[in-house]
A.B. asks: 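One structure follows; several queries about it will come next.
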Amino acid sequence: MPTDLPPLVERKTISIEQAGRIYYGLSRNGSYDAARRGDIPTIKVGRLLRVPIAAMEKRLASVE
């Protein structure tokens, strides 16, 4: 197996739980509640709900 592969691309999405914890200091349940209310932007990938980092950063920048 070759070992000279380029590094993986930086992740573009994170889980709802991670977004709530990182950006708002929320618990798991609080994060999902915020996503349901629309406070955390989400996209659906198959059966998963993910948070695009760019959308989260843009949302926070517009508040400041």
Side-chain angles (χ1 to χ4, degrees):
M1 183 168 236
T3 58
D4 58 341
L5 296 174
L8 292 175
V9 176
E10 187 176 328
R11 294 192 318 175
K12 303 291 184 192
T13 64
I14 55 177
S15 71
I16 293 172
E17 185 177 354
Q18 289 170 324
R21 188 178 327 113
I22 293 167
Y23 292 101
Y24 297 120
L26 297 174
S27 66
R28 179 181 187 274
N29 289 339
S31 299
Y32 279 94
D33 288 342
R36 246 179 255 112
R37 286 191 309 266
D39 295 332
I40 296 177
T42 61
I43 58 171
K44 194 165 190 170
V45 180
R47 294 176 58 190
L48 297 175
L49 279 177
R50 302 291 292 175
V51 178
I53 294 172
M56 195 70 204
E57 296 285 335
K58 184 177 180 180
R59 175 170 291 219
L60 290 175
S62 68
V63 173
E64 295 175 1

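Owing to the predicted nature of the structure, the values given are computational and were not obtained by experimental measurement.
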A.B. asks: Just jot down the salt bridge (Lys or Arg N to Asp or Glu O under 4.0 Å) partners of Arg37, sequence neighbours excluded, or say none.
C.D. replies: Asp39
A.B. asks: Looking at every non-hydrogen atom in both residues, tell me the closest pair between Ser62 and Arg59 and how far apart they are.
C.D. replies: OG-O, 2.8 Å
A.B. asks: For the CD1 atom of Ile53 and the CZ atom of Arg11, what is their distance to the nearest 0.5 Å?
C.D. replies: 6.5 Å
A.B. asks: For Ala55, enumerate each residue passing the side-chain contact (heavy atoms from CB on, under 4.5 Å) test, keeping only those at least two apart in sequence or located in another chain.
C.D. replies: Pro41, Pro52
A.B. asks: Might you point out which heavy atoms bring Gly30 and Ser27 nearest each other, and give the distance in Å?
C.D. replies: N-OG, 3.2 Å
A.B. asks: Under the side-chain contact (heavy atoms from CB on, under 4.5 Å) rule, what do Leu49 and Ile43 come out as? Steps first, then yes or no, please.
C.D. replies: CA-CA 6 Å; Leu49 279 177; Ile43 58 171; over 6 Å; no
A.B. asks: I would like to know whether Ile40 and Met56 meet side-chain contact (heavy atoms from CB on, under 4.5 Å); could you show each step before the answer?
C.D. replies: CA-CA 7 Å; Ile40 296 177; Met56 195 70 204; 4.2 Å; yes
A.B. asks: What pairs with Tyr32 under side-chain contact (heavy atoms from CB on, under 4.5 Å), at least two apart in sequence or on another chain?
C.D. replies: Ile16, Arg28, Arg36
A.B. asks: So, the side chain of Glu57 versus the backbone of Ala54: is there a donor-acceptor pair under 3.5 Å, distance only?
C.D. replies: no
A.B. asks: Are Val51 and Leu48 connected in a single hydrophobic cluster, I mean Ile/Leu/Val/Met/Phe/Trp/Tyr linked by side-chain heavy atoms less than 4.5 Å apart?
C.D. replies: no
A.B. asks: Could you tell me the separation between the CZ atom of Arg50 and the OG1 atom of Thr42, rounded to the nearest 0.5 Å?
C.D. replies: 11.5 Å
